[in-house]
Amino acid sequence: MKLTVNGKTHEVDVEDDMPLLWVLRDELGITGPKYGCGIAQCGACTVHEDGVAVRSCQLAAGDVVGEITTIEGLGTPNTLHAVQEAWIDLQVAQCGYCQAGQIMQAASFLDLNSEPTDDQIDAAMSGNLCRCGSYPRIREAVKSAATKLRRV
Amino acid sequence: MGRVKTIARRSFLIGSAAIAGGVAFGTYLYKREGENPLLADLKPGETAITPYVKIDAQGITLITPRADVGQGAWSMQAHMIAEELDIDPATAILSSGPASAIYYNGVVGAEAMPIAATSDTILARTGRGAADVMGKLMGLHITGGSSTVPDMYDRLRMAGAVARETLIRAAMKQTGLPRNQLSTENGCVVLPDGLKIEYLDLAVAAADIKPVQDVTLRDPSQWRYLTKPQKRTDMVAKSTGTLTYGIDMVMDGMVYATTRTNPAIGGGIIGFDAEAAQTMRGVRDVLPISGGIAVVADNTWRAFQAAQAVECDWGPSPYIGNTDEQFDAVANSMTDDHQDSRFKDEGDVTAALDGAKVIEAEYRIPYLAHAPLEPLSVVVKMTDTRLDIWTGTQIPRFVQANMAKLTGLDADNIHVHVIMSGGSFGRRLEDDYIAQAVEIAMQLPDTPIKMIWQREEDFTHDFPRPLAMARAKGAVKFGALDVFDLSIAAPSVAESSLARLGQPAIGPDVAIVAGAWDQPFAIPNYRVTGYRTPAMVPISSWRSVGASGNGFLHESFMDELCHVAGVDPLKERLRLCWHDPSRKVLEAVGEMSDWGSDLGPNRGRGLAFTLAFGVPVAEVVEVTSTDDGIRIDKVFVAADVGRVLDHMNFEAQVQGGVIFGLGHAMNCELTYQDGVAEQDNFHAYEGMRLYQTPQIIVRGLENGDKIRGIGEPAVPPAAPALANAIFAATGQRIRELPLSKSIDFV
Ligand code: FES
Ligand code: FES
């Protein structure tokens, strides 16, 4: 089957029911999306399908219809996305393992809602676990990114 | 400003063969006490001025031997070296270095001794000295116990200073200028006319010079990085998905593996049928390993699927298998013959309780899983002559020794490459998962194997934080605390984890009472007794170890007694506290939280204090009791680490510690049925989520006499501060964790 990831189309030969996460990680070598739980409880595997955050551990390869963007496609160390910039400015990451998922969740959320209230941020980000407890800074970084994005 | 001596760069490259093998530069303090382990593997063109600084044509590599499990240890170690070496840490390459005795931990051993951090008697000092010697003799290359900063603060700055001074000596040789005309700036030696020689260009010359040993450390007033808000060196990579964790390693010809062992802990495997699994797509092998099976495939998910398809015949767990019975065993161990310690015994508790109105309470805390977000994973490759292991681990030398035993290879031929861990909380103090991967590698030589555990395997094969029970008796007199008698029973982490390392556990286990026996309060009759429950399921250290639960046991009862005495819990603690830095954190948190002011209806404040790992921490939690349950509004924290080296990361570690403490107290427990952990993924072990996260206001104080670490100390007071706040808001006293068994949270 064909998959478009970060603007590049790949031909992959996998079972229809292989979760996208493992196609990305083990077939395409794109390791930004992380495996944390495999059951939609942690959000570490979050990527975008046509700009909308999805849990790639729950999306079967055969069901992918849109273009996939992973953290690597959102921005790079030299060309950071505003959300990544905010994450770095506020020094959010601890172990960092959840952060690719957090950032992808935040980027998609802010795309849909450029002036979120605190409650909306809380609701949008609560599916993403952080075992290290970086939540206070995640909250601040989402707010800061929203401001940055509005200025763009 | 120009650069001189560009010729030196060329001679560096040309002359590099001359320093293949390198020159040994010891660090200031430990010069003759061990070989510089970097020398053995030096390639042409590399110089290792100390065991912590290596220079080659690519740049300056700083060795950061304490593992980074998310607490920022790599970045902090790099900043400590860079401060004295005079380079920008952002420009350095970081490496964990090899497993080596020279990277021993001289501080962590003291945690196992019954020495209060507040004690400065000759005996206490001798004990700490013994921990250092023991660490050195045993080559304890280990990360834990919030010891990285206290252990490495002098050593790494010295290593940086020795390297810098040696590079200056090299510049003197090259330029003929005297020492007093040379200075350094940001990776260069600066000449009187302003010209600069890059360190890289001095490396060859430095390799021929005996490292300068008599160095003076900079005065803190001259620091450019330490005590300033730092930019962690891993932040960009972690925000762009470009950091390689163990789970992300890729190698040519690599295969993907997963294992399944008996979910009934220790039960072993009687037999298995792999017929269905063998034929599944991508499956290469189904192999036996100790206690279970391994599947090797061409994709992790295929390995997962096939592992589930193997039919296993498991044996029964040899341990007490049900949590009710486990708690019974704990309760039954509160007898004289199980008494393990009584490090605190002041006044005369028995006499003081006689005739007094005795207040009694019983508390329980559960087993807890570590569950770092990166499931356990490791890459291994074994050949006839060597074994390479890539993983996040806090115990590289134990890994080396244990895998030597397992494979029959010489420890010298086992290379442990330590990489960033996606969390640990103590889990990566164990090497069970590494041994499994090595067992696979022994059956599949010459093939790189990436082994990843399914999350369910991770939860059900943890070595959890032990459960514990406390029985407390107390009395008050004239509106003040008079008797505080706390008995704690728990299985011993030291006994369990040392047995896995093939070591005996000698003497009492301090962890059973840590964070309770060593608190700085002068209660007239004050006793803390530890009881050791005979070993049950294997257990291990969990963020803040013994204090993680004992903070709840001690501080809940403290609150109860204050309530009975009718005294304010902050005022009473201040009255009883004899340790100045501890008094100051209590005062600070009182001021920050506006303690004593009216919060309005259905709201309450709770205070708790724990001194653990030498760090006094006071926390105030504010809650509101709503129709949907308890909402945690705010947390105020004051902590004293002697000197805050990085305010940004200090705040992050404190906030993370508070959330770790609160989240587990709210809703986490690991319970067993027939030896099988019943919580096998995050749906049943949630911790805190963002919408529940309170505002957490942090203040770092600097009154302590020694520098301390902050990865763990913020955890213990969080649970009791929350429980005490719930009592203040609702009148409901909860004596068992998780609190969700008794009350709802928003
Ligand atoms: S791995 Fe997909 S939500 Fe946890
Ligand atoms: S930073 Fe470690 S899990 Fe979020």
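What you see is a predicted model; the values in this text were computed from it and never measured. A, B, ... follow the sequence lines: proteins, then strands. Residue 1 opens every chain.
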query = For the candidates A:Gln91, A:Gln99, A:Gln84, A:His81, which exhibits the highest count of non-hydrogen atom pairs separated by less than 4.5 Å from chain B?
reply =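 Winner by heavy-atom pair count: A:Gln91.
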task = Heavy atoms only, distances under 4.5 angstrom: which of A:Cys132, A:Gly32, A:Gly29 has the most pairs with chain B? Name it, please.
result =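 Most heavy-atom pairs under 4.5 Å with chain B: A:Cys132.
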Between B:Asn681 and A:Gln41, a side-chain donor and acceptor under 3.5 Å =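 Per modelled atom types, B:Asn681 and A:Gln41 side chains form no pair under 3.5 Å.
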query = Do A:Asn128 and B:Arg689 have side-chain heavy atoms sitting under 4.5 Å apart?
reply =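 Side chain of A:Asn128 against side chain of B:Arg689, heavy atoms only: no contact under 4.5 Å found.
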key: Side chain B:Arg232, main chain A:Val92, donor-acceptor under 3.5 Å   =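 No; judged by distance alone, with no hydrogens or angles, the pair does not exist.
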Main-chain N/O of B:Ser421 paired with A:Tyr97 side-chain donor or acceptor, under 3.5 Å =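 Such a contact is absent between A:Tyr97 side chain and B:Ser421 backbone.
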key: chain A contact via B:Val236 - which portion, at a heavy-atom distance below 4.5 Å   =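 Interface part for B:Val236: both.
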task = Measure B:Trp453 against the heavy atoms of chain A and call it side chain, backbone, both or neither at under 4.5 Å.
result =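 Answer is backbone: N, CA, C or O of B:Trp453 sit under 4.5 Å from chain A.
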key: Pick from B:Arg302, B:Gln230, B:Met688 with the largest number of heavy-atom pairs that fall under 4.5 Å of chain A   =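 The residue among B:Arg302, B:Gln230, B:Met688 with the greatest pair count is B:Arg302.
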ask   = Taking every heavy-atom pair that is under 4.5 Å apart, which of B:Gln71, B:Met254, B:Glu651 has the most such pairs with chain A?
value =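 Top option by heavy-atom pairs under 4.5 Å: B:Glu651.
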task = Indicate yes or no: does A:Lys34 engage B:Glu374 in a salt bridge with an N to O separation below 4.0 Å.
result =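 No, A:Lys34 and B:Glu374 are not salt-bridged.
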request  = For residues A:Asp26 and B:Trp301, report the shortest heavy-atom separation together with the two atoms involved.
outcome  =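 Closest pair (atom of A:Asp26, atom of B:Trp301, distance): OD2-N, 4.4 Å.
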task = Nearest 0.5 Å please: distance from the OG atom of B:Ser239 over to the CG atom of A:Leu74.
result =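 Nearest 0.5 Å value for the OG-CG distance: 11.0 Å.
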query = If you measure from CE on A:Met18 to CG on B:Asn299, what distance do you get to the nearest 0.5 Å?
reply =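 Between A:Met18 CE and B:Asn299 CG, I get 3.5 Å after rounding to 0.5 Å.
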query = Does the ring centre of A:Tyr35 sit less than 6.0 Å away from the ring centre of B:Phe304?
reply =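 Yes.
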